[in-house]
**Q** 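Got a structure here, written out as structure tokens. Questions coming.
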Number of protein chains: 2
Amino acid sequence: MRRNPERRQALIDAAIEVLAKEGARGLTFRAVDAEAAVPLGTASNYFANRDDLFTQVGGRIYERLLPDEATMARSREGVQDANRYAELMHELVDRVSAFNSGYLALLELRLESTRRPELRAVLTKRIREDIDANVGHHAASGLPGDSTSAVLLYLALNWLIVERLTLPDIFTEQEIHELVDAAVQRSLNA
Amino acid sequence: MRRNPERRQALIDAAIEVLAKEGARGLTFRAVDAEAAVPLGTASNYFANRDDLFTQVGGRIYERLLPDEATMARSREGVQDANRYAELMHELVDRVSAFNSGYLALLELRLESTRRPELRAVLTKRIREDIDANVGHHAASGLPGDSTSAVLLYLALNWLIVERLTLPDIFTEQEIHELVDAAVQRSLNA
DNA sequence: AACGTAGTACTACAGATGGAGTGGTGTCAA
DNA sequence: TTGACACCACTCCATCTGTAGTACTACGTT
């Protein structure tokens, strides 16, 4: 088992691309090698087996989907009212859908996790943490709404992104924009 | 190309199960044959190639996810207020998540449609129709709320089902129940 | 400065699986 | 008798895993 951390990260990034392009079943050592443009057999040396590969990708993919520190800091600036909330959610949707392959890969992993208990455990933990962080962050921010608002927004926006990424002709960009606004507004009304 | 419609339907039903169990890449003629318990080569005789198989499944899967006539008729009975709305949405979520493999198969198809334009066209059409039917049905029903409520509910409930089916330990059944209630209530407040 | 060593990059291959597509034979009913 | 379909067998092909083994490079030692 090789330990070079940059190379491992490069392989995991390549695996994310492979997941998005080829689907979970297409995530093979060879495909990762090819995507990362490293010699055949390299992924074999870095992951014990496919299960291990899935689990490691599941553990790290979230790091690439979460906003960086600068974005987080910026999100805390300004008046924290409903308009600001909507603005932040627009940014969120755009940021996540911009890392197209990351989001699709995460969906593939979710589906694959119905077949791999170890992967399911990792994803459950990560996503649980993400939701809790969202709720906590929301509570600390001074933005309007309660924890239920935050969860409902999480639900609606996630599916909106699914819709946008998998079947882009269902909603126009204009409709997506309006749906984000509506989701924010209505989620706030208890 | 064989034409026996019962057999074709049985093969498509088997394909849905295969999709849910093995993923899109695992949807092969042989796997369908095995799942449908018919001789090897049968699926080959009923579908021109894998693309055709995907497209036909995409065209029919919705027929199995939609409520039957009796359910639809029952949904129109009684007072059509917010409580009734919530009740209907609970039934919807339970019905869809009960046909577990159908919903997972549809997710697999969505992801696969990023790679197969023909499938994407079929799915886009079906889902567009479904959303329009939902909105129209809602408008005709006398239930409270506007078309935006209906779409927002569609978004939130879809992801709630994803969450329940792919990572069942994220939300408890109790939380799911409460989230459905909250989604209905808040989506109604324009 | 020469040498040795460890860790990693890279190559090659053995062994095995699984699948597409097709041609042909059996069977049944009109 | 004929046609449609069920069923079976076989060929060809693509791909993957796991591992053994070689080459390279950096670094510490003497």
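Chain letters run A, B, ... following the sequence lines, proteins first, then strands; residues in each count from 1. Note that the structure is predicted; figures quoted are calculated from it, not measured.
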**Q** Tell me, please, which residues at least two apart from A:H137 pass ring pair (Phe, Tyr, Trp, His ring centres under 6.0 Å).
**A** none
**Q** Is there side-chain contact between A:V151 and B:F171, with heavy atoms separated by less than 4.5 Å?
**A** yes
**Q** Please report, rounded to the nearest Å, how far the P atom of D:dC7 is from the CG atom of B:N4.
**A**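 For the pair B:N4 CG and D:dC7 P, the rounded distance is 11 Å.
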**Q** Tell me whether the OP1 or OP2 atom of D:dA6 has a side-chain N or O from B:T42 closer than 4.0 Å.
**A** no
**Q** Give me, pair by pair, the N or O atoms of the protein and of nucleotides 21-24 of chain C that are less than 3.5 Å apart, along with how far apart they are.
**A**
none

**Q** To the nearest Å, give me how far apart CG (B:D33) and P (C:dG18) are.
**A** 15 Å
**Q** Looking at CD1 of A:I161 and CG of A:L106, how far apart are the two atoms once the value is rounded to the nearest 0.5 Å?
**A** 10.5 Å
**Q** Quick one: B:E6 CD to D:dA4 P, roughly how many Å, whole number?
**A**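 The distance from CD of B:E6 to P of D:dA4 comes to 17 Å, rounded to the nearest Å.
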**Q** Give a yes/no verdict on a cation-pi contact between B:R2 and B:F47, requiring under 6.0 Å between NZ or CZ and the six-membered ring centre and an angle within 45° of the axis.
**A**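 That pair does not qualify as a cation-pi contact.
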**Q** Are the charged groups of A:D130 and A:R126 less than 4.0 angstrom apart, N to O?
**A**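 Answer for the salt bridge query: no.
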**Q** Show every side chain to side chain donor-acceptor pair (under 3.5 Å) that has at least one partner inside residues 95-111 of chain A, sequence neighbours left out.
**A** A:E17-A:S101, A:S97-A:R164, A:Y103-A:N158, A:E108-B:R115, A:R110-B:E163, A:R110-B:T166
**Q** Applying a 4.0 Å non-hydrogen cut-off, can you work out what B:F47 is touching in the nucleic acid: base, sugar-phosphate, or nothing?
**A** nothing
**Q** Between A:R25 and A:Y46, just flag the one whose closest nucleotide in DNA chain C comes earlier from the 5' side.
**A** A:Y46
**Q** Does the side chain of B:R7 get closer than 4.0 angstrom to OP1 or OP2 of D:dC5 through an N or O atom?
**A** no
